[in-house]
Q: 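One structure is given below, represented as structure tokens, and several questions about it will come after.
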Amino acid sequence: MTTKANATDDSFHVFDTTLRDGAQREGINLTVADKLTIARHLDTFGVGYIEGGWPGANPRDTEFFARAQKEITFENAQLVAFGATRRAGGSAADDPQVKALLNSGAPVITLVAKSHDRHVELALRTTLEENLEMVRDTVSHLREQGRRVFVDCEHFFDGYRANAEYAKSVVRTAHEAGAEVVILCDTNGGMLPAQVQAVVATVIADTGARLGIHAQDDTGCAVANTLAAVDAGATHVQCTANGYGERVGNANLFPVVAALELKYGMKVLPEGALAEMTRISHAVAEVVNLTPSTHQPYVGVSAFAHKAGLHASAIKVDPDLYQHIDPELVGNTMRMLVSDMAGRASIELKGKELGVDLGDDRALVGRVVERVKERELQGYTYEAADASFELLLRGEVEGRARRYFRTESWRAIVEDRPDGTHANEATVKLWAKGERIVATAEGNGPVNALDRALRVALERIYPQLAKLELIDYKVRILEGRTGTESTTRVLITTGDGTGDWATVGVAENVIAASWQALEDAYTYGLLRAGVEPTE
Ligand SMILES: CC(=O)SCCNC(=O)CCNC(=O)[C@H](O)C(C)(C)COP(=O)(O)OP(=O)(O)OC[C@H]1O[C@@H](n2cnc3c(N)ncnc32)[C@H](O)[C@@H]1OP(=O)(O)O
Ligand SMILES: CC(=O)C(=O)O
């Protein structure tokens, strides 16, 4: 057994259920290898408990428990197996599902138990007394087998509203049978914080059980409900990384632990772990193959991104004036966004962020603000295209646009063939280092052909361009930007293996807009590579 043995644990529990409830989210389908990778990330982050799945429910979860205990040396977490109380009318000792929980080898077991009288009668099709017996028998049996037991009271809050005495009797039964923590679950996710706080406080007073909270996010209050339960005395929080979970999700682990550490002043993670939070959040998103939410509290790339000019002017004096915490505490960074909402301070701070010296030149900064506003009116967007903004800024600082080549002309041709296929060909004519170059290339579309032709033209003179790769290409039609005409905006993301950058082009024609974004992308790539401008 490579899970750290820990017979009693009076400390506050951070319990992660990404691998069980998180995996119940539509669109997530984890392999055993994915689960092992996520378990390692969560253990590194320092959660106390990792619920790995339901052994016996499917071969993947059974295999996960077998492999996790062989392959992972957990530094911080206890491995937890999830399953239901025994079937009605049977005995826990003979229940195949309970046997699978024991066979998983997990030192801690979470049992889901019904605590809403209607669910007992309709879903379990048994009596209220038999349900209590199922809880008592299963908890006692697992305790006798030397396992620590937590009990999830499913639909607790709705059950409490319908029949408070019965809901509490389930908590009492689990507690008296030896469950270390009884977790009140807002399974349908319909509760609000004040309601959760009141119910948790009453149940603690009436049962004396140690309580935990498991909140689904159907009202958008799962994090708030979790913290409200803690306010009322719960000492065990069940969460999932990035809030993944059934329907709209579960309480998001990251804002919950950040609140506990930074707002409540509790120590729930190992030293230094909070500063790893942004990295861990993104790493888990990568494994589950979902794009990290840019606007996620604390860890989203926009969590500390400032757009409004007034905000920037105050941040210039003191970042705390518009930030609730120092982003570095959670491993994130502050970013300034440049747009038509920018003022001088936004440009000054962005210049600093980009390492461009503006030398306290108010007139220069004013000119940049004006240019940005003018260009944004035409359809450019600099908050999404930092590299194009940096080229604009350097152009103003240096008094002329930074150029590595001068375009004489370009042409893209799409040929529609009788067999329904298309041939795409582009020719570029340009000047670089005093030389006139004409290059032609084919591509799988006109923009791809242009990109290839530009590369063919420039690579001999600038071998640094060989590393460049187009990572993303987005087109948007901007209705009514210039009077009655619609305008096309193209955003291109380019990478060189060490980082990536975004550039923007705007024109009435999608290929012309793409060409502008490509020109900026290559120019910025050469700037990054430290090449001196030649034109
Ligand atoms: C709120 C939550 O998220 S709880 C976690 C839910 N997670 C999952 O359901 C994912 C894994 N589940 C599964 O793979 C399957 O549902 C299994 C293997 C657990 C059970 O599959 P089956 O035996 O085919 O049963 P099925 O899924 O149709 O129904 C669940 C059965 O468990 C019973 N049951 C439900 N909750 C409990 C409970 N707390 N204690 C005991 N029995 C329960 C139901 O009454 C039903 O019994 P029935 O077969 O006599 O009608
Ligand atoms: C146990 C659980 O996942 C719930 O009640 O929502």
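Quick caveat: nothing in here was measured; it's all calculated off a predicted structure. Counting starts at 1 for both ligands and their atoms, following the listed order.
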Q: Any carboxylate oxygen within less than 4.0 angstrom of a Lys/Arg side-chain nitrogen, looking at Arg172 and Asp206?
A: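 Salt bridge absent between Arg172 and Asp206.
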Q: Using a strict cut-off of less than 4.0 Å between a Lys/Arg side-chain nitrogen and an Asp/Glu carboxylate oxygen, indicate whether Arg161 and Asp158 qualify as a salt bridge.
A: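 Yes.
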Q: Parallel, tilted or perpendicular: which describes the rings of His155 and His116, with under 30° parallel and over 60° perpendicular?
A: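 Plane angle over 60°, so perpendicular.
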Q: At a heavy-atom distance under 4.0 Å, which protein residues reach ligand 2? Sort them by chain and number, would you?
A: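 The 4.0 Å shell around ligand 2 contains Arg20, Asp21, Asp152, Glu154, Cys185, Thr187, His214, Gln216.
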Q: Report the residue from Asn188, Asp186, Asn250 that forms a side-chain hydrogen bond (donor to acceptor under 3.5 Å, both in side chains) with Gln216.
A: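 Of Asn188, Asp186, Asn250, side-chain hydrogen bond (donor to acceptor under 3.5 Å, both in side chains) with Gln216 is met by Asn250 alone.
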Q: Charged N to carboxylate O below 4.0 Å: is that the case for Glu130 and Arg125?
A: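 No, this pair does not count.
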Q: Closer than 4.0 angstrom, basic N to acidic O: yes or no for Glu246 and Arg25?
A: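 Looking at Glu246 and Arg25, the cut-off is not met.
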Q: Just checking Tyr298 against His324, ring centres under 6.0 Å apart?
A: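 Ring-ring flag for Tyr298/His324: true, centres closer than 6.0 Å.
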Q: State, to 0.1 Å, how close Arg87 and Asp95 come at their nearest heavy-atom pair, and which atoms those are.
A: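 Looking at all heavy atoms of both residues, the shortest contact is N-OD2, 2.9 Å.
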Q: Strictly by modelled atom types, are Asp152 and Gln238 linked by a side-chain donor-acceptor pair under 3.5 Å?
A: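 Short answer, yes.
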Q: Can you tell me which residues line ligand 1 if we count any heavy atom under 4.0 angstrom from one of its atoms, in chain and number order?
A: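 Residues Arg20, Gln24, Trp54, Ala57, Phe82, Ala84, Thr85, Arg86, Arg87, Val112, Ala113, Lys114, Ala123, Leu124, Arg125, Met134, Glu154, Thr187 each place a heavy atom under 4.0 Å from ligand 1, listed by chain and number.
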